[in-house]
There are 2 protein chains.
Amino acid sequence: MIIRIDQMDQMPVYQQIRNQIVAAIGQGELCPADRLPSVRSLASDLGINIHTVNKAYAVLRDEGYLFMRGRSGAIVADFKQTATPERIAINSDELAEKLQQLALEHRAQGGTKESFLEIAHTQAKYAFA
Amino acid sequence: MIIRIDQMDQMPVYQQIRNQIVAAIGQGELCPADRLPSVRSLASDLGINIHTVNKAYAVLRDEGYLFMRGRSGAIVADFKQTATPERIAINSDELAEKLQQLALEHRAQGGTKESFLEIAHTQAKYAFA
DNA sequence: GTGTATTTGTTCGTATGTATT
DNA sequence: TAATACATACGAACAAATACA
């Protein structure tokens, strides 16, 4: 799995790492029980500090995507088995909220319902390919 | 137009204001040429500092949603007429990126393409009602 | 018109938290 | 742990614009 950091991006580096790992899990590039690189090696590969990678892993753990068991490394969790029903419901609500904000933003820019849904379909096709 | 601030939310206050104003424009609650409340009065209403409101307005101006002409107040812009073609193209790309990230995140949580698109349709229906 | 009070956005400095090394 | 740079939010004071007697 390849992670790319854009130092010019306004998004915090740890968040970029977090997003790309979540995306890799979504695409099946990372599967439950897979081991992630150690914070040291990943930090070395990316040319950043280990604390930054550690923060990304900690966020992913808190969100239920990973296990972190001391020195045995970070392991991809089986989200559906790990997450509580409450957590799943909250995630669904948050997704709806974000989609609504994006839709309203698109409309504020003069976009239409049809153009919004067309983009959504296109991206869903890629994401679930 | 009513704005609500959640101090417990992790999202910065100025961003909350920005999002709600964009949403109001999207819903037609705010129309081009409408005047927004002064930074002082809005800050007073919300119980926050004027700089926080000022930052939200400045962001909205930079994004092309508002005009700010000195002390004559902030005015809602006509985005389609104001924004450059490049800006519109960039916004479209960013929307696609965000939707793909959300779709992948949903999939990483065990969601399906169908459930994702169902939520998207539901929210689009509300946003474009 | 004139003078005063009010309203407005801006400039300065400060405190706190976050991100990263 | 310590140090840094940056982001967020606040407060006091300022000067331009406005309202009004």
Side-chain angles (χ1 to χ4, degrees), chain A residues 2-23 36-63 65-66 68 70-71 73-74 94 97-98 101 105, chain B residues 1-25 30 32-77 82 94 97-98 101 105:
Chain A
I2 296 168
I3 293 180
R4 287 176 212 284
I5 299 303
D6 179 2
Q7 294 283 3
M8 292 302 100
D9 196 328
Q10 73 223 3
M11 201 185 327
V13 173
Y14 80 90
Q15 187 83 30
Q16 294 183 43
I17 298 171
R18 178 265 178 203
N19 283 351
Q20 291 180 50
I21 290 179
V22 171
L36 286 159
S38 71
V39 289
R40 271 198 170 68
S41 67
L42 183 52
S44 174
D45 288 351
L46 300 177
I48 59 178
N49 196 278
I50 63 170
H51 293 322
T52 307
V53 177
N54 202 48
K55 167 131 191 177
Y57 280 15
V59 168
L60 289 162
R61 165 176 48 75
D62 293 344
E63 292 180 325
Y65 291 111
L66 299 185
M68 288 176 74
R71 286 149 199 78
E94 286 182 353
E97 258 185 52
K98 289 174 186 169
Q101 179 67 31
E105 206 156 312
Chain B
M1 95 146 293
I2 295 168
I3 293 179
R4 287 176 213 284
I5 299 303
D6 180 2
Q7 294 283 4
M8 294 301 100
D9 197 328
Q10 77 235 355
M11 200 186 327
V13 175
Y14 80 89
Q15 188 85 29
Q16 294 184 42
I17 298 171
R18 179 266 178 203
N19 283 351
Q20 291 181 48
I21 289 178
V22 171
I25 295 173
L30 284 175
D34 279 358
R35 282 188 59 179
L36 288 157
S38 72
V39 288
R40 261 197 170 73
S41 66
L42 183 52
S44 175
D45 287 352
L46 300 177
I48 60 177
N49 195 276
I50 64 170
H51 291 99
T52 308
V53 177
N54 203 43
K55 167 128 191 178
Y57 280 15
V59 168
L60 289 162
R61 164 175 49 76
D62 293 344
E63 291 179 325
Y65 291 110
L66 297 185
F67 294 115
M68 288 176 75
R69 277 203 266 182
R71 286 157 187 81
S72 63
I75 298 186
V76 179
T82 302
E94 286 182 353
E97 259 185 51
K98 289 173 186 169
Q101 179 68 30
E105 208 156 310

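Protein chains get the first letters and strands the later ones, always in sequence-line order, with residue 1 at the start of each.
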J.: Below 4.5 Å, heavy atoms only, C-beta onward: do B:F67 and B:T82 meet side chain to side chain?
T.: yes
J.: Scan residues 16-25 of chain B against DNA chain C and write down, sorted by residue number, each residue with any heavy atom closer than 4.0 Å; if none is found, say none.
T.: none
J.: With sequence neighbours excluded, tell me which residues meet ring-ring contact (aromatic ring centres under 6.0 Å, His included) with A:Y65.
T.: A:F79
J.: Please assess B:I5 against B:I3 for the test side chain to side chain contact (heavy atoms under 4.5 Å, CB included), listing each intermediate value before the final yes or no.
T.: CA-CA 7 Å; B:I5 299 303; B:I3 293 179; 4.1 Å; yes
J.: How many whole angstroms separate atom CE of A:M8 from atom P of D:dC6?
T.: 12 Å
J.: Return the residues of residues 59-67 of chain B meeting this criterion: a heavy atom under 4.0 Å from some atom of DNA chain C. Order them by number, or give none.
T.: none
J.: With sequence neighbours excluded, what pairs up with B:A58 under the side-chain contact (heavy atoms from CB on, under 4.5 Å) test?
T.: B:R61
J.: For residues 36-48 of chain A, which side-chain N or O atoms pair as donor and acceptor with protein atoms under 3.5 Å away, sequence neighbours left out?
T.:
| unit_1 | atom_1 | unit_2 | atom_2 | d |
| --- | --- | --- | --- | --- |
| A:S38 | OG | A:S41 | N | 3.1 |
| A:S38 | OG | A:S41 | OG | 3.2 |
| A:S41 | OG | A:S38 | N | 3.4 |
| A:S41 | OG | A:S38 | O | 3.1 |

J.: Work out how much the helix from C:dT2-D:dA21 to C:dT21-D:dA2 bends between its end axes, five pairs an end, to the nearest 10 degrees.
T.: 10°
J.: By side chain to side chain donor-acceptor pair (under 3.5 Å), which residues pair with B:H51, not counting sequence neighbours?
T.: B:N49
J.: Looking at every non-hydrogen atom in both residues, tell me the closest pair between B:A77 and B:G64 and how far apart they are.
T.: CB-O, 3.7 Å
J.: Please enumerate all residues that pass side-chain contact (heavy atoms from CB on, under 4.5 Å) together with B:R35, with sequence neighbours excluded.
T.: B:I75
J.: Nucleotide by nucleotide, 5' to 3', does protein get under 4.0 Å of the base (B), only the sugar-phosphate (S), or neither (-) in nucleotides 9-18 of chain D, counting heavy atoms?
T.: SBBBB--BS-
J.: Please test A:M68 against A:D62 for side chain to side chain contact (heavy atoms under 4.5 Å, CB included), starting from the C-alpha separation and ending with a verdict.
T.: CA-CA 10 Å; A:M68 288 176 74; A:D62 293 344; over 6 Å; no
J.: Of all nucleotides in DNA chain C with an atom under 4.0 Å from a non-hydrogen atom of chain B, which is the first and which the last going 5' to 3'?
T.: C:dT8 to C:dC12
J.: Can you list, pair by pair, the side-chain donor-acceptor contacts under 3.5 Å of residues 10-18 of chain B, counting residues two or more places apart and other chains?
T.:
| unit_1 | atom_1 | unit_2 | atom_2 | d |
| --- | --- | --- | --- | --- |
| B:Q16 | OE1 | B:D6 | N | 3.0 |
| B:Q16 | NE2 | B:D6 | O | 3.1 |
| B:Q16 | NE2 | B:M11 | O | 3.0 |
| B:R18 | NE | B:E63 | OE1 | 2.9 |
| B:R18 | NH1 | A:E105 | OE1 | 3.1 |
| B:R18 | NH2 | A:E105 | OE2 | 3.0 |
| B:R18 | NH2 | B:E63 | OE1 | 3.2 |
| B:R18 | NH2 | B:E63 | OE2 | 3.3 |

J.: Using side-chain contact (heavy atoms from CB on, under 4.5 Å) as the criterion, list what pairs up with A:R4, not counting sequence neighbours.
T.: A:I2, A:Q20
